[in-house]
Amino acid sequence: MTLATPPSDNAVHTGVLVLADGTVFRGRGIGATGDSVGEVCFNTSMTGYQEILTDPSYAGQIITFTFPHIGNTGANAEDIETITPAARGLILRADITDPSNWRSTRHLDDWLKSYGLVGLAGVDTRRLTRRIRDLGAPNGVVAHAPDGKFDIEALVAKAKGWPGLEGMDLAKDVSCRQTYDWTEAGWTIGGGYATQDKPQYHVVAIDYGAKRNILRCLAASGCKVTVVPSTASVEDVMRHQPDGVFLSNGPGDPAATGEYAVPTIKGLLDTGVPMFGICLGHQMLSLALGAKTTKMALGHRGANHPVKDLASGRVEITSQNHGFVVVPETLPADAEVTHVSLFDGTNEGIRLKGKPVFSVQYHPEASPGPQDSHYLFDRFVQLIAEKKAA
């Protein structure tokens with residue numbers, strides 16, 4: 001067993017992170033008390049911690065924030081991507097910063113407690129990040145006990161016993177249970193979120209763990225949005241007579257979710273309806289085309305990832321959150337690679353030749369993150385317009 005953060009003689013450590021190999025990081029517990037098990041990853045974003053913690057794609061994961069000042073914008077009811085956070089916990093370098101922002105309505109620690117999120121502060125996050133970088137994302141348990149008493153051996157056993165994300169279908173856990181309509185559009189200062197009440201087109205979004213801001217971007221682009229569960233069939237989707245179909249982001253192993261999602265996507269491809277996929281939706285589309293996906297050692301998580309558009313040569317700074325990737329060599333001949341990561345050369349986008357179908361691995365809705373890729377929503381709407389005009 002390794003003590004990655006040796007305690008001082010008089011320190012009372014109220015929080016720990018225990019990895020499956022026995023490594024122990026000690027610090028100060030934050031948020032809810034108790035413990036939570038998951039895959040330990042890191043995110044390099046400098047802003048948007050509330051959006052990150054509520055992103056359904058983080059289901060099953062404990063997030064290490066590499067940026068040290070977390071909490072300085074507080075928390076509010078607007079900057080959320082889902083009502084119930086799916087992340088398992090969080091790791092911070094410093095104590096939560098007191099809020100200093102006009103939009104803050106509560107302290108981040110209070111917000112964490114209200115959602116039962118367990119966290120740890122006072123950890124050398126640079127060391128933890130380097131460990132993840134060099135050895136891959138480990139399974140671990142984050143625990144918070146005000147009395148500082150932990151059964152380390154039991155926590156190690158819990159981390160070892162967790163099966164990991166590979167082979168795990170988490171989309172079903174974060175997807176909606178019933179079909180619903182979405183009309184909320186973009187946010188403005190003083191006006192809050194707009195409402196799309198004069199849509200030009202109708203898009204059905206298959207919810208594998210959709211972020212709210214993706215749905216807002218679709219609505220802001222002139223679309224009425226109908227959201228259906230991840231298990232929706234071709235008939236469930238097409239009975240709404242959509243002008244386009246959106247495949248959402250989401251967590252877990254795409255191969256596991258693909259057992260029920262791929263047949264639906266294959267059937268939708270046969271209808272000729274325009275289709276756009278993001279993140280897990282990109283991976284699902286690729287699987288439906290016969291390609292393969294594989295788990296990454298580190299994954300891509302942050303708001304500063306450069307991606308090259310191979311058609312234009314343009315480089316976009318993107319927001320990303322994924323631990324699996326499409327193997328481009330397994331794509332069929334009619335699927336063209338459109339985007340690649342400039343960090344590691346991995347696949348970041350495809351399109352089907354001769355069909356109004358495309359997808360990207362990154363998050364063009366950028367919540368949080370840069371807005372370089374918002375044009376992709378316009379591209380989707382343009383494909384819909386061209387299809388209807390044909």
Side-chain angles (χ1 to χ4, degrees), residues 201-208 210-211 213-215 217-218 220-223 225 237 242-250 254 258 261-262 264-293 300 305 307-316 318-322 324-341 346-366 371-390:
Y201 308 108
H202 183 197
V203 169
V204 169
I206 303 180
D207 178 14
Y208 303 117
K211 293 177 65 178
N213 211 50
I214 290 178
L215 303 179
C217 287
L218 290 170
S221 298
C223 298
V225 183
V237 174
D243 300 315
V245 173
F246 174 74
L247 309 176
S248 87
N249 65 293
V262 163
T264 296
I265 296 172
K266 284 182 176 180
L268 292 171
L269 287 170
D270 291 338
T271 69
V273 65
M275 195 177 301
F276 176 28
I278 287 176
C279 199
L280 184 63
H282 162 70
Q283 297 162 0
M284 290 291 133
L285 174 62
S286 299
L287 289 173
L289 297 174
K292 296 184 183 300
T293 56
H300 290 170
H305 288 246
V307 168
K308 184 174 183 179
D309 183 332
L310 297 181
S312 66
R314 180 173 179 241
V315 175
E316 305 164 27
T318 68
S319 180
Q320 303 204 10
N321 175 16
H322 61 101
F324 291 80
V325 68
V326 173
V327 181
E329 295 78 14
T330 64
L331 287 164
D334 61 344
E336 177 185 3
V337 173
T338 58
H339 297 78
V340 296
S341 167
T346 52
N347 178 260
E348 294 283 356
I350 63 170
R351 74 173 185 90
L352 280 187
K353 299 175 183 177
K355 289 188 176 183
V357 176
F358 72 103
S359 61
V360 292
Q361 181 63 77
Y362 51 96
H363 282 252
E365 88 288 348
Q371 300 181 4
D372 298 24
S373 307
H374 270 202
Y375 70 91
L376 291 171
F377 293 98
D378 296 332
R379 177 179 293 179
F380 181 42
V381 170
Q382 181 62 32
L383 289 175
I384 291 174
E386 291 172 356
K387 180 71 174 179
K388 288 180 70 68

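Looking at every heavy atom in both residues, Ser359 comes nearest to His282 through OG-ND1, 2.7 Å. Between Ser373 and Pro364 the shortest heavy-atom distance is O-CB, 3.2 Å. Nearest heavy atoms, Leu287 versus Pro254: CD1-O, 3.4 Å.
The pair Arg351-Glu336 counts as a salt bridge, with a side-chain nitrogen and a carboxylate oxygen less than 4.0 angstrom apart. Remark: Lys388 engages Asp243 in a salt bridge, criterion side-chain N to carboxylate O under 4.0 Å.
In this structure, Asn249 CG and His322 NE2 are separated by 12.0 Å, a value rounded to the nearest 0.5 Å. Atoms CD1 and CG, from Ile265 and Leu289 in turn, are 9.0 Å apart once rounded to the nearest 0.5 Å. Taken from CZ in Phe324 to OG1 in Thr346, the straight-line distance is 14.0 Å, to the nearest 0.5 Å. The distance from the CG atom of Leu268 to the CE atom of Met275 is 4.5 Å, given to the nearest 0.5 Å. To the nearest 0.5 angstrom, Ser221 atom OG is 9.5 Å from Phe380 atom CZ. The OG atom of Ser341 sits 4.5 Å away from atom NE2 of His300, with the distance rounded to the nearest 0.5 Å.
Side-chain atoms of Ser248 come within 3.5 Å of backbone atoms of Tyr208 as a donor-acceptor pair (strictly under, hydrogens ignored). The backbone N or O of Lys292 sits less than 3.5 Å from a side-chain atom of Thr330, completing a donor-acceptor pair.
Inspection of the Ser319 and His363 side chains reveals no N or O donor paired with an N or O acceptor under 3.5 Å. Defined by atom type and a distance below 3.5 Å, a donor-acceptor pair is missing between the side-chain atoms of Glu365 and Gln371.
Applying the side chain to side chain contact (heavy atoms under 4.5 Å, CB included) test between Leu285 and each of Ile350, Leu280, Ile278, Val262 identifies Ile350 as the sole match.
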Task: Trace of the side chain to side chain contact (heavy atoms under 4.5 Å, CB included) decision for Glu316 with Asp309 - done: CA-CA 8 Å; Glu316 305 164 27; Asp309 183 332; 4.1 Å; yes
Open item on the list: Go through it in stages, so that I can follow the logic: the residues are Val225 and Phe246, the test is side chain to side chain contact (heavy atoms under 4.5 Å, CB included), and I'd like the CA-CA distance, side-chain angles, deciding distance and then a yes or no.
Closed with: CA-CA 9 Å; Val225 183; Phe246 174 74; over 6 Å; no
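Note on ring orientation: taking the six-membered ring where Trp is involved, the planes of Phe276 and Phe358 are parallel (angle under 30°, cut-offs 30° and 60°).
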